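Throughout, numbering of the chain's residues begins at 1 and tracks the sequence. In this text the structure is predicted, and so the values were computed from the model without any measurement.
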Amino acid sequence: LHSFPTRRSSDLPSGERFASEALRLVKVIHTPADARLWLVATGWQSPELITDAVCRQGSKAEAEAMARVLALVEAPEAALSMLRVQLESKAQAVALEWFANYPLAAVVGLTPVAAENTGKLGTAARSILDAHHRSGRTDVLKAAKPHLDPACAAFLQREIIESVEDVLPEIPDAELPAAVREALAGV
């Protein structure tokens with residue numbers, strides 16, 4: 001009998017260390033098949049390479065095919081990537097579909113982005129959270145709170161769940177200036 005060297009599980013790299021090393025070695029993902037292999041190898045730990053690949057695609061069909069692989073991830077960690085897909089790629093429909101299919105993951109993943117960012121990503125994340133509130137999905141918003149750190153949970157409660165939109169009273173046509181009434185007459 002031959003003696004083969006054996007590896008103990010303690011000799012194997014941790015998932016995080018593996019993802020870090022894989023990220024160092026694999027600089028670019030080119031195809032949906034590459035993206036699937038990346039997900040299998042790293043799980044949802046490093047979706048940035050796939051997100052970058054989606055945003056880099058030249059055609060809508062290619063971007064959507066790559067985004068559909070990213071949409072397989074049903075975790076809050078994918079929310080920021082899907083937000084980038086919505087804002088920066090030709091596959092916005094796939095991102096919107098993901099947000100609709102996984103509302104709890106979206107809220108848990110986007111609340112820190114909305115709470116901590118004031119730029120384009122923060123504004124877009126806040127818009128999605130506000131849309132949940134306006135559509136009466138406060139059940140999803142409240143269900144997300146236990147999954148957030150205390151500061152983000154407080155932000156979600158204060159800024160989204162308890163927010164009240166200002167509703168302007170309707171002005172009767174007779175009180176509008178004549179020029180405004182004329183401009184609105186054809187509408």
Discussion item. Let me check something: do I171 and V180 share a hydrophobic cluster, defined by ILVMFWY side-chain heavy atoms less than 4.5 Å apart, either directly or through other members?
Written reply: yes

Item to complete: Measure the CD-OG distance between E88 and S81 for me, rounded to the nearest 0.5 Å.
Response: 10.0 Å

Worksheet item: Considering only heavy atoms from C-beta outward, does the side chain of V107 approach that of I160 to under 4.5 Å?
Response: no

Worksheet item: Do L121 and L87 come close enough that some side-chain heavy atom pair is under 4.5 Å?
Response: yes

Worksheet item: So how far is it from L156 CG to L129 CG, rounded to the nearest 0.5 Å?
Response: 6.5 Å

Discussion item. Under a 4.0 Å threshold between the charged nitrogen and the carboxylate oxygen, would D139 count as salt-bridged to R137?
Written reply: yes

Worksheet, complete the sentence: A105 and A75 have their tightest heavy-atom pair at CB-C, 3.8 Å

Worksheet item: What pairs meet the ring-ring contact (aromatic ring centres under 6.0 Å, His included) rule with one or both residues in residues 99-129, with sequence neighbours excluded?
Response: W98-Y102

Discussion item. Testing the 3.5 Å rule here: is there a donor-acceptor pair between the side chains of K90 and Q57?
Written reply: no

Item to complete: Keeping the roles fixed (side chain from D149, backbone from A151), state whether a donor-acceptor pair exists under 3.5 Å.
Response: yes

Worksheet item: Considering only heavy atoms from C-beta outward, does the side chain of D52 approach that of R84 to under 4.5 Å?
Response: yes

Discussion item. Is it the case that atom CG in L184 sees more than 12 heavy atoms from other parts of the structure closer than 6.0 Å?
Written reply: yes

Worksheet item: Quick check: are there more than 12 heavy atoms from other residues, nucleotides or ligands sitting under 6.0 Å from CZ of R158?
Response: yes

Practice prompt. Would you please test S89 and M66 for side chain to side chain contact (heavy atoms under 4.5 Å, CB included) and show each step?
Written response: CA-CA 11 Å; S89 81; M66 190 76 73; over 6 Å; no

Discussion item. Between R56 and E62, does any NZ, NE, NH1 or NH2 come within less than 4.0 Å of an OD or OE carboxylate oxygen?
Written reply: no

Worksheet entry | T111 OG1 to E116 CD distance, which is reported to the nearest 0.5 Å | 10.0 Å

Fill in: Backbone of H132 reached by a side-chain donor or acceptor of S135 within 3.5 Å
yes

Worksheet item: Restricting to pairs with a member in residues 63-88, which pass ring-ring contact (aromatic ring centres under 6.0 Å, His included), not counting sequence neighbours?
Response: none

Practice prompt. May I ask you to test the Q86-L83 pair for a side-chain heavy-atom distance under 4.5 Å?
Written response: yes

Discussion item. A side-chain contact here means heavy atoms from C-beta on lying under 4.5 Å apart; do I161 and K145 qualify?
Written reply: yes

Discussion item. Does E97 form a side chain to side chain contact (heavy atoms under 4.5 Å, CB included) with R68? I'd like the steps, not just the answer.
Written reply: CA-CA 10 Å; E97 183 179 303; R68 293 220 178 275; 3.2 Å; yes

Worksheet item: What is the minimum heavy-atom distance between V54 and A67, and which atoms define it?
Response: CG2-N, 3.5 Å

Item to complete: State, with a plain yes or no, whether a side-chain heavy atom of L148 is found less than 4.5 Å away from one of P112.
Response: yes

Response to the item:
dist I128:CD1 -> T123:OG1 (nearest 0.5 Å) comes out at 11.5 Å

Worksheet item: For the atom pair OG1 (T51) and CD (E48), what is the distance rounded to the nearest 0.5 Å?
Response: 7.0 Å

Discussion item. Between P47 and L70, is there a side-chain heavy-atom distance shorter than 4.5 Å?
Written reply: yes

Worksheet item: Would you say the side chain of S163 lies within less than 4.5 Å of the side chain of H133, judging by non-hydrogen atoms?
Response: yes

Worksheet item: Of all heavy-atom pairs between L110 and A125, which one has the smallest distance, and what is that distance?
Response: O-CB, 3.7 Å

Item to complete: Taking all heavy atoms of E159 and all of R126, pick out the closest pair and write down the distance.
Response: O-NH2, 3.1 Å

Worksheet entry | Closest contact, heavy atoms only, I29 versus A35 | CG2-N, 3.6 Å

Discussion item. Determine whether a donor-acceptor pair (N or O, by modelled atom type, separation under 3.5 Å) exists between the side chain of T31 and the backbone of D34.
Written reply: yes

Response to the item:
Closest heavy-atom pair, D173 versus R181, reported as atoms and distance to 0.1 Å, is O-CD, 3.0 Å

